[in-house]
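Sequential numbering from 1 along the given sequence is applied to the chain's residues. As the structure is a computational prediction, the values presented were derived from the model and not from experiment. Atoms within each ligand, like the ligands themselves, are counted from 1 in listed order.
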Amino acid sequence: MADQEFDAIIVGAGFSGLYMLHKLRALGFSAHAIEAGHDVGGTWYWNRYPGARCDIESVEYSYSFDKDLEADWDWSERYAAQPEILRYLQHVAERFDLRRDIEFETRVTAAHWQEDAHRWLVETDRGRSYSARFVIAATGCLSSFNRPDIPGLDSFAGEIYATGTWPHEGVDFTGKRVAVIGTGSSAIQSIPLIAKQAKQLTVFQRTPNYVVPAQNHALSDEHWRDYRAGYSGLRQNARVSQFGAALPLPMSPKPALESTQDELEEDLEKRWAYGGLPGFIGAFPDTLFETAAADLVGEFVRGKIRERVKDPVVAELLCPRDYPFASKRLCVDIDYFETYNRDNVRLVDLNATPIEAVTADGVKTSAELVEVDAIVLATGFDAMTGALTRIDIRGREGVTLKDKWAEGTKTYLGLMNRGFPNLFTITGPGSPSVMSNMPTSIEQHVDWVSQAMVDLRDRGASTIEPLAESEEVWTAHNGEIADLTVFVHANNWYLGANIPGKPRVFMPYLGGVGAYRNICDEVRESGYSGFAIDGQGRPADIDFMDHVMRLMPQSAEAA
Ligand code: NAP
């Protein structure tokens, strides 16, 4: 017997969970959100490391569902820092009175489908249980921290910090010898600030990353006047775009491979001066599809690293070479490379001298023991699936989601799983999610899910679930598009390559945010084709690839 009943249990109170709760309440559903943190914020609650900030422009990295909210909130910088984003989400919780339906400091430990009742039984680590017709996983794609399996880590006598679970009171590194392990986005944001405080900073790098400058700046009244005038157009462009954000600089009409060196450089210099990730991801129509085209941009970025880092040996170590430009998540920096010009910063190349162990005194590589007082683990996440598979989710006949995904994720539209009726995954694997500006994709998913719940209610139906065939077709389509791109030529976390033993399946959907939205809309308009409602359904007769090709850059057709 459950302690309480709801129409929906929402797991998580970050960007997704907050909007989901607001939306369901407005539609007359009883909804209860469960959140492990002691307040709202999700990613922006946990990732409090120095330098944490969004790397999509804040005017776009925000909700669009409420025009008054949009009009009332002024971002202070082009890319807001973590405290400001957290304040924004706290403001949203207050503005829409959301906290009264959120249970904080509570983890969902299990969700079991009850076939007879057509309901989920949800259990928490506080011993309370809930019965709900729907469960909505708003658990985030990058929320399950990857603690590396380095021998001796627990024997370290100093302090160990993780970027993904940073202490709320902050950390003072003044006078300390610090090691940072990892050189992904989180490390690239935090290293410049840790270096300014620490007595000595040693960065342990396994793979160098492609990094473009943020060119962050304060947002003046003039900027705001411009944004306000064009806000609705900006949002609309984002919704139909490839990556869920309006391209600040249009894509070059000519493929990189057909451009002269001068044309390439002129274009890329403009993007460099403007800064930011979308301008580079969408620079040329062929760079995401042709390795040779990506290499042209890669060489430009390597040139910039050589200009920024004074020591040529260090500069070469910081130059990525072994994978195409942008095929691992492109990073955005503020003074990252200049940090290596400081006297108190040193780079250790783990390819030449791998870490063998952590001892009580520091980090031991095959060449030396680097003695430190503190270690910062910037080692990433069990992305997209980790937050879901660590919950004991059991669908029909007791099958766990973890077992279902043991050979790789298989979903329909990234929204639902066969055998797990009425369980929705916001920005789940198989949807654009991490390949897009997250708030754009979150809003699209929340709107779709809540509409599906309304449609079920209107029909008097109790369950929705994908057909097995739909998952096969969607997963194959996902793979087919990924295989056209350079993303499959890198050991990236999109493929699960950062977690030992994780199956290699390209998880995010690369067909584009606009095409994906059109597909989801067509699925709904066609009466949820590909889904079974109360056990009845028909296969999706939708040409997914046609949707994609209508909005994709031309070079995808050639690839
Ligand atoms: P990440 O990109 O996965 O980087 C992890 C780093 O740790 C990599 O350099 C990895 O090396 C290294 N590493 C992992 N295990 C290791 C080990 N055992 N020994 C040595 N090195 C090890 O993680 P992240 O920086 O936290 O970023 C994850 C994602 O979060 C980003 O890609 C981005 O999507 C998101 N994020 C966004 C923002 C933002 O929007 N501003 C900021 C931070 C993060 P290898 O590359 O060799 O595996």
Y63 and F65 aromatic ring geometry - parallel, tilted or perpendicular at 30°/60° bounds: perpendicular

Atoms in ligand 1 with a heavy atom of Q189 nearer than 4.0 Å: 41 (N), 42 (C)

Ligand 1 atoms in contact with P148 (distance to a heavy atom under 4.0 Å): 18 (N)

Within 45° cone and under 6.0 Å: R48 NZ/CZ vs Y45 ring: yes

Proximal ligand 1 atoms for G184, defined as those under 4.0 Å from one of its heavy atoms: 2 (O), 4 (O), 6 (C), 9 (O), 25 (O)

Part of C54 with heavy atoms under 4.0 Å of ligand 1, whether side chain, backbone, both or neither: backbone

side-chain hydrogen bond (donor to acceptor under 3.5 Å, both in side chains) contacts touching residues 350-374 (sequence neighbours left out): R177-D373, R346-E368, D349-N351, E356-K364

Contact atoms of ligand 1, heavy-atom distance to L142 under 4.0 Å: 29 (C), 30 (O), 34 (O), 35 (C)

Ring pair (Phe, Tyr, Trp, His ring centres under 6.0 Å) pairs, two or more places apart, involving residues 365-384: F145-F381

Close approach, F381 and ligand 1, non-hydrogen under 4.0 angstrom: yes

Lys/Arg N to Asp/Glu carboxylate O, D154 vs R147, below 4.0 Å: yes

Shortest protein heavy-atom distance from atom 34 (O) of ligand 1, along with the residue and atom involved: R329 NE, 3.2 Å

Ligand 1 N/O within reach of R53 N/O, cut-off under 3.5 Å: yes

Pair S62-R235, side-chain donor/acceptor within less than 3.5 Å: yes

Within reach of ligand 1, part of L350 (heavy-atom separation under 4.0 Å): side chain

Region of Y49 engaging ligand 1 - heavy atom pairs below 4.0 Å: side chain

Geometric N/O contact D55 with ligand 1, under 3.5 angstrom: yes

A378, portion touching ligand 1 at heavy-atom distance under 4.0 Å: backbone

Option with minimal heavy-atom separation from atom 23 (O) of ligand 1, where the choices are A81, G380, A490: G380

Check ion pair E316-R302 (N to O, under 4.0 angstrom): no

Nearest non-hydrogen protein atom, atom 45 (P) of ligand 1: T207 OG1, 3.4 Å

Distance from atom 19 (N) of ligand 1 to nearest protein heavy atom, with residue and atom: R206 NH1, 3.7 Å

Aromatic ring pairing F15/Y88, orientation class (parallel under 30°, perpendicular over 60°, tilted between): tilted

Closest approach of any protein heavy atom to atom 31 (C) of ligand 1, naming residue and atom: S185 OG, 3.5 Å

No-hydrogen, no-angle side-chain donor-acceptor test under 3.5 Å, D55 and Y61: no

Residue, atom name and distance, where the atom is the protein heavy atom closest to atom 25 (O) of ligand 1: S186 N, 2.8 Å

Best match, I181, N437, N491: closest heavy atom to atom 20 (C) of ligand 1: I181

Contact atoms of ligand 1, heavy-atom distance to K328 under 4.0 Å: 45 (P), 46 (O)

Residues R239 and Q236: side-chain donor-acceptor under 3.5 angstrom: yes

Close-contact set for ligand 1 against T183 heavy atoms, below 4.0 Å: 6 (C), 8 (C), 9 (O)

Per-atom contacts, ligand 1 versus G182 - under 4.0 Å to a heavy atom: 6 (C), 7 (O), 9 (O), 12 (C)

N437 side-chain N/O to A245 backbone N/O, donor-acceptor pair under 3.5 Å: no

Centroid separation F325 to F284 less than 6.0 Å: no

Exercise: do Q189 and Y49 side chains pair donor with acceptor under 3.5 Å: yes

